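Only heavy atoms go into these numbers, but all of them, side chains included; no hydrogens, no water, no symmetry mates. From a predicted model like this one, the values you see are computed outputs, not experimental measurements. Order of the sequence lines fixes the chain letters, A, B, ..., with proteins taken first and strands second; residue numbering starts at 1 for each chain.
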2 protein chains.
Amino acid sequence: MQGSSHDDVRRHNLSVVLRLVHRSGAASRSQLTRVTGLNRSTIAALVAELVERGLVVESEPSSTNQVGRPSPIVSVSEQVVALAVNPEIDAVTIGIVGLDGQVHRRVRYPTDQSPSVLEAVNIAAAVIDGMRGELEARFKVVGIGVAVPGLVRAHDGLVRHAPHLGWIDEPLAEMLEAATGYPVLAANDASLGALAERFFGAGKGITDLIYLNGGASGIGGGMIVGGAPAGGIAGYAGEFGHTRVSDSERVDSAGIRGTLEAEVTRRELLEVLGLDGADTDELEQALLASTSPVVRAEVNRQIDHLAVALAGAINILNPQLVVLGGFLAALLAVDADRLRSAVAKHSLDAAFGTVRLSAAELGSNLLMIGAAELAFEGLLDDPAGPPAAGAGAVSA
Amino acid sequence: MQGSSHDDVRRHNLSVVLRLVHRSGAASRSQLTRVTGLNRSTIAALVAELVERGLVVESEPSSTNQVGRPSPIVSVSEQVVALAVNPEIDAVTIGIVGLDGQVHRRVRYPTDQSPSVLEAVNIAAAVIDGMRGELEARFKVVGIGVAVPGLVRAHDGLVRHAPHLGWIDEPLAEMLEAATGYPVLAANDASLGALAERFFGAGKGITDLIYLNGGASGIGGGMIVGGAPAGGIAGYAGEFGHTRVSDSERVDSAGIRGTLEAEVTRRELLEVLGLDGADTDELEQALLASTSPVVRAEVNRQIDHLAVALAGAINILNPQLVVLGGFLAALLAVDADRLRSAVAKHSLDAAFGTVRLSAAELGSNLLMIGAAELAFEGLLDDPAGPPAAGAGAVSA
DNA sequence: CGTGATACGTTGCAGATCGCCACAAATCGA
DNA sequence: TCGATTTGTGGCGATCTGCAACGTATCACG
């Protein structure tokens, strides 16, 4: 319940303009006036301040075949970047992501075994140190966003529980902040995936969506509710994988019986295909190519269970879009009709009638973009706030 | 993506102040300055404008044993009211609800059979016409809020499907608006229940909560996500009753198998108790008094199924609070421990650890308050907007 | 009962931001 | 080349909030 004053207006308007060019890409000043409803002169002043701060760039109007004086194009500065970090079972991935959503660089550092928190932090810090020259010369770094495959407490980046990494109550954000000097934010990987798909992938402009990702280690998810990422009271929201879908005795990674994650697994798909290891694309190709009735039966079984979980979430959340990533997208690709009709069977007509199912679009850059988005959030909220300093700026 | 200007600042600040006295009750001007962070002089001006518009009243400072000049108490005007309408299977209830959340009057108009839309509208309009003298003399009416037991399309108040009333695609809001001359908004009853409990009941000040209500005709629900009521893309969100909780063949009112609403019913509780009809309080008393093992077994069965649905919702939404209303509150009262431990078994530790289960507090006024809240929303968003006119003001 | 301390209301003024308006500039089409 | 159209630019006015100084009501203490 905060009152607002003039500086808040300015802050808000700067934020709106920067968000627009961040999310919708380059736009002319006249487009900005139309979308924001602000006055031409106001937009001019706002853009000038953003240019001043090095956040956006104005460039020559492109030749649109329109009458009237051409309007300069406003686009995001290529210098402003965030660092993205994603620890996994077998690697730590670090990326440099521009404010325009472009992934400038991505380094995957493989590990022999699942890294401890300290190892993950050290790897990330070392890779970032290696990039430091480039970062300081070419970029302004806003901060670091970390996508963690587990439950992360929102406000301080404490990893409550990352089962597949074996992390429990680890102060990841704090450690990485101390090791690099950059401000660090962390969140659940699937929640960030939802964010990324929402702004840069299948869910552009959509205010209510559910994202479910199927990975080697289980099923996670995230949601956008009413235009805002829904994290719940502590940032643990989106755990669709532990939704009950059957009365069976199968147990998931959290020890809960009959859940989506217990019934719908990547491992079992690989087994019936006789594959040992395969990335998501290969898995999808193999599933599409297979004519084996055994494979088909397993796919059907998993689709039917997935449908129950999706229908439940659709009934509760009434989303506009359900985005499926990882091997769940493969299931959709193999038999979208079966999935759709199974979802229809378990959901209310009205809610089902307003929803679309679709596959994720961002592929391997998904988590880099999502994690960077997390780091950009502060800047987007208050472009005139603490300057997006050069490397090594923020104190511990 | 709207820009804001100075009138927006004023609007916002008026809105903040009015919301504060609406939700937290009377407050001194000095309290308002502290909570809003605004300047003393600004609060003085804002309150003066709200007084001018007849929305709030300033009264003599109460004798708080504090040094310093006493600060006038700002409270909501008793004249500002909304009308609440709630059509049910066997009655239409109409109420006058003050901006302070107080229910000034409630009229329950019983019907022989489930009313058609036209009947419900006529009854409501007739009752309101009956009150007209009083309304015009004593009150300023903001509008009408309708709590509908079914799916309601948010933006125009079209009742998509109210199964128990047998309504399909009925333009309820439009009809009632034409019949009464007041602006009408409609929404799902359980969603409004969530809203009411959040502001005036068990969920005061909580930003993430789930509300489930068990009624004679089924189970509905609503949620507050990140501080805002979550309606989904079309206002159909919150249908927890159709969550799958078992593989059984039982079918719910929407024809879906094995759902919460199919397994957990008020009717079956009454049956094992040997009761014919009973209101919620009587049902709870009878359950608490009963020592029959048959009753106990049925209660346990329902609790266990309820727990599955709650756990699923908790995993997905990570709420701070789950509020149970109607006969679900009775189940909680009979064996809270069993429900809690069953929920724990099906949910993630981290999400379960942050959630509380509690019974609804508002009882029979719940839907009146919720529906009124819906009608107040426009005024709270923009206190300086179109005047909360006396009766008969707003054109059709 | 009077005095000082404290907290708050009140008033006038300054600062900041946005909208409006008039004019200039750039483009298209004839 | 000229008019129509669209947009940038710069000055002006309106509005709202914050600030500071002063007035006022209460409490505590002697």
Side-chain angles (χ1 to χ4, degrees), chain A residues 1-18 26-53 56-75 382-385, chain B residues 1-18 26-53 56-75 382-385:
Chain A
M1 274 309 197
Q2 285 276 342
S4 62
S5 61
H6 291 109
D7 339 354
D8 297 315
V9 174
R10 183 62 162 202
R11 188 188 352 265
H12 176 244
N13 286 345
L14 284 172
S15 170
V16 165
V17 171
L18 187 57
S28 72
R29 261 158 66 175
S30 69
Q31 284 178 304
L32 293 176
T33 63
R34 274 191 294 274
V35 176
T36 60
L38 294 170
N39 196 280
R40 289 206 296 264
S41 42
T42 307
I43 288 292
L46 293 170
V47 170
E49 178 166 349
L50 291 175
V51 169
E52 177 87 7
R53 293 179 181 278
V56 305
V57 180
E58 276 190 306
S59 51
E60 289 305 302
S62 64
S63 58
T64 63
N65 289 338
Q66 282 211 327
V67 285
R69 179 173 176 173
S71 192
I73 303 297
V74 181
S75 51
D382 183 11
Chain B
M1 274 310 195
Q2 285 276 342
S4 60
S5 61
H6 31 68
D7 9 340
D8 296 318
V9 173
R10 182 60 161 207
R11 189 187 353 262
H12 176 243
N13 286 345
L14 284 172
S15 169
V16 165
V17 171
L18 187 57
S28 72
R29 261 157 69 175
S30 70
Q31 284 177 304
L32 292 176
T33 63
R34 274 191 295 274
V35 176
T36 59
L38 295 170
N39 195 278
R40 286 208 296 262
S41 45
T42 307
I43 288 291
L46 293 170
V47 170
E49 179 166 348
L50 292 175
V51 169
E52 177 88 7
R53 293 179 181 278
V56 305
V57 179
E58 274 190 307
S59 50
E60 290 304 302
S62 64
S63 59
T64 64
N65 289 339
Q66 282 210 330
V67 285
R69 179 173 176 173
S71 191
I73 304 296
V74 180
S75 51
D382 183 11

Where do Arg11(B) and Pro383(B) come nearest, in terms of heavy atoms and distance? O-CD, 4.1 Å

Within this structure, what is the CG-CG distance for the pair Asp8(A) and Asp8(B), rounded to the nearest 0.5 Å? 12.5 Å

So what does Arg11(B) hit on the nucleic acid, given a heavy-atom distance under 4.0 Å: a base, only sugar-phosphate, or nothing? nothing

Using a 4.5 Å cut-off on heavy atoms from C-beta on, say whether the side chain of Thr36(B) contacts that of Leu46(B). no

Rounded to the nearest angstrom, tell me the gap between atom CG in Leu32(B) and atom C1' in dA7(C). 16 Å

Can you figure out which of dT5(D), dA26(C), dT24(D) approaches the side chain of Arg69(B) most closely? dT24(D)

I need the CZ-P distance between Arg29(A) and dT6(D), as an integer number of Å. 18 Å

Do you know which two heavy atoms are closest between Thr33(B) and Arg40(B), and how far apart they sit? CG2-CA, 3.8 Å

Does a nitrogen or oxygen in the side chain of Ser71(A) sit under 4.0 Å from OP1 or OP2 of dG8(D)? yes

Closest heavy-atom contact between Leu18(A) and Val56(A)? CD1-CG1, 3.7 Å

Proximal nucleotide (of dC28(C), dT9(D), dA7(C)) relative to the Val67(A) side chain: dC28(C)

Flag side-chain contact, heavy atom, 4.5 Å: Val17(B) against Leu32(B): yes

Here the pair of heavy atoms bringing Glu60(B) nearest to Ile73(B) is O-CG1, 3.8 Å

Across the strands shown, which category fits Ser41(A) at heavy-atom distances under 4.0 angstrom: base, sugar-phosphate, nothing? base

Please report the end-to-end axis angle for the helix from dC1(C)-dG30(D) to dA30(C)-dT1(D), five pairs per end, rounded to 10 degrees. 10°

Can you tell me whether the side chain of Ser28(B) and the base of dC8(C) have a donor-acceptor pair closer than 3.5 Å? no

What is the nucleic acid contact for Pro61(A), judged by heavy atoms within less than 4.0 Å: base, sugar-phosphate only, or nothing? nothing

Measure from CG on Asp8(B) to P on dT17(D) and round the result to the nearest Å. 12 Å

Quick check for you: to the nearest 0.5 Å, what is the distance between Asp382(B) atom CG and Arg10(B) atom CZ? 12.0 Å

Are there any protein N/O atoms within less than 3.5 Å of an N/O atom in nucleotides 15-18 of chain C, and if so, which ones and at what distance?
unit_1  : atom_1 : unit_2   : atom_2 : d
dG15(C) : N2     : His6(A)  : ND1    : 3.4
dC18(C) : OP1    : Asn13(A) : ND2    : 3.0
dC18(C) : OP2    : Arg10(A) : NH1    : 2.7

If only side-chain N and O atoms of Arg34(B) are considered, is one of them under 4.0 Å from the OP1 or OP2 phosphate oxygen of dA7(C)? no

Atom-to-atom span, CD1 of Ile73(A) to P of dT7(D) - whole angstrom: 12 Å

Whole angstrom value for the distance that separates C1' of dT7(D) from CD of Glu60(A): 14 Å

Are any of Arg40(A)'s side-chain N or O atoms less than 4.0 Å away from OP1 or OP2 of dT9(D)? no

Okay, side chain of Ser30(B), backbone of Ser71(B): is any donor-acceptor separation there less than 3.5 Å? no

